[in-house]
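Reading through the structure tokens given below for one structure.
Every chain is numbered from 1, with letters handed out A, B, ... down the list of sequences.
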There are 2 protein chains.
Amino acid sequence: MTSPGYLEGTKHVGTEPVGREDAEACRFDRDPFQWDAREDCQVRQILDRIADKWSLLVIALLDEKTLRFGELVREIDGISKRMLTVTLRNLERDGLVGRTVYPVVPPRVEYELTALGRTLLGTTQALVSWSEEHQEEIARARQKFEATNTAG
Amino acid sequence: MTSPGYLEGTKHVGTEPVGREDAEACRFDRDPFQWDAREDCQVRQILDRIADKWSLLVIALLDEKTLRFGELVREIDGISKRMLTVTLRNLERDGLVGRTVYPVVPPRVEYELTALGRTLLGTTQALVSWSEEHQEEIARARQKFEATNTAG
DNA sequence: CTGGATCCCTGCGGATACTG
DNA sequence: CAGTATCCGCAGGGATCCAG
């Protein structure tokens, strides 16, 4: 066993070599809405990936900036080395980030967004913008909800 | 204890009555990038919510359509009643969906997007669109990655 | 410095049985 | 129909030690 458990087989059910499952195993069989129902499962898988708690942050930090592993750890700060490794691997695997290893004495590895990753950037920022714009509104809604619940 | 464990206290760490934690307890202390660093934590919490595996689907299904609980269960199909309840509660709590109870003999409860929820719709669809447009590209990247890994 | 390997706790989320 | 209460498996993810 040369591969770590968390990088192969153990986790990420929807991440396994799905190849191009022909959407037949897909559980979404409802009538087509605005998106094609079959596409939806794929979407969820991709979405699960990019929204897996760290990916978006990594992508955001990598915006037009090449960063080293250690820099990312320090920038994100809340992340552990393990999760950064896993996240980076997933993003690399999906072709969203590129990994460059410099064969120097103290290992130097740099990560950067690929063209594909850069296209995602705009979308994620839209999501971020929305969150920023509406966070107060949401906070108020929560308090209201809590109040209603507590008072009840 | 009148509240079920999964609706209060047991789960959703970032969901607890955060109120408006003044971003001081926030672990993002890095220099401001394109987003204000302090905002980022809030963003992550909101993002964790709307991307929690089911929320996006629910929001999408609720697009300009009022649906009943059972309808949602059947539409999403992969979801359990428990998770739909939890998801719906969270969305309601955040003011993204509205809940209407009709006091009739067979209980009838309808869910609909609020104005706030509707604003999110566009953003989520952008994400979905991106996923749709690039899913093949990603699939190819994965295969390539796998091949490189396997062949190595 | 850049990870890989392990241990282990926690919470997400599914299944099921029970109510009003 | 619309939840509610519980039990429980499993993946997510942190801490730590180890290696090149």
B:F69 CZ - D:dT4 C1' separation (whole Å): 10 Å
Nearest-angstrom distance from the residue atom NZ of A:K81 to P of D:dC17: 11 Å
Identified side-chain contact (heavy atoms from CB on, under 4.5 Å) counterpart of A:L84 within the set A:F69, A:W54, A:Y111: A:F69
Spacing of A:E71 atom CD relative to C:dT2 atom C1', expressed in whole Å: 13 Å
Length of the line joining A:R74:CZ and C:dT2:C1', which is rounded to integer Å: 12 Å
Phosphate-side-chain proximity, A:R82 and C:dT6, N/O vs OP1/OP2 below 4.0 Å: no
Heavy-atom pair of closest approach, residues B:L88 and B:V97: O-CG2, 3.9 Å
Candidate nucleotides C:dG3, C:dC1, D:dT4, ranked by approach to the side chain of B:T85 - the nearest: D:dT4
Check ion pair A:E146-B:R93 (N to O, under 4.0 angstrom): yes
Atom CD of B:E136 with >12 non-hydrogen neighbours under 6.0 angstrom: no
Contact nearer the 5' end of DNA chain D, comparing A:P107 with A:K53: A:K53
Presence of salt bridge, B:E110 and B:R99, under 4.0 angstrom: no
d(CD, A:E92; P, C:dT2) in whole Å: 15 Å
Atom pair distance, as rounded to whole Å: CG in B:L72 and C1' in D:dA2: 12 Å
Integer-rounded Å distance: D:dG13 P and A:I76 CD1: 12 Å
side-chain N/O B:R89 vs D:dT4 OP1/OP2, d < 4.0 Å: yes
Rounded distance in Å - CD1 (B:I79) to C1' (D:dA2): 14 Å
Below 4.0 Å: OP1/OP2 of D:dA2 and any side-chain N or O of B:R68: yes
Sugar-phosphate, base or nothing in reach of B:Y102, heavy atoms under 4.0 Å: nothing
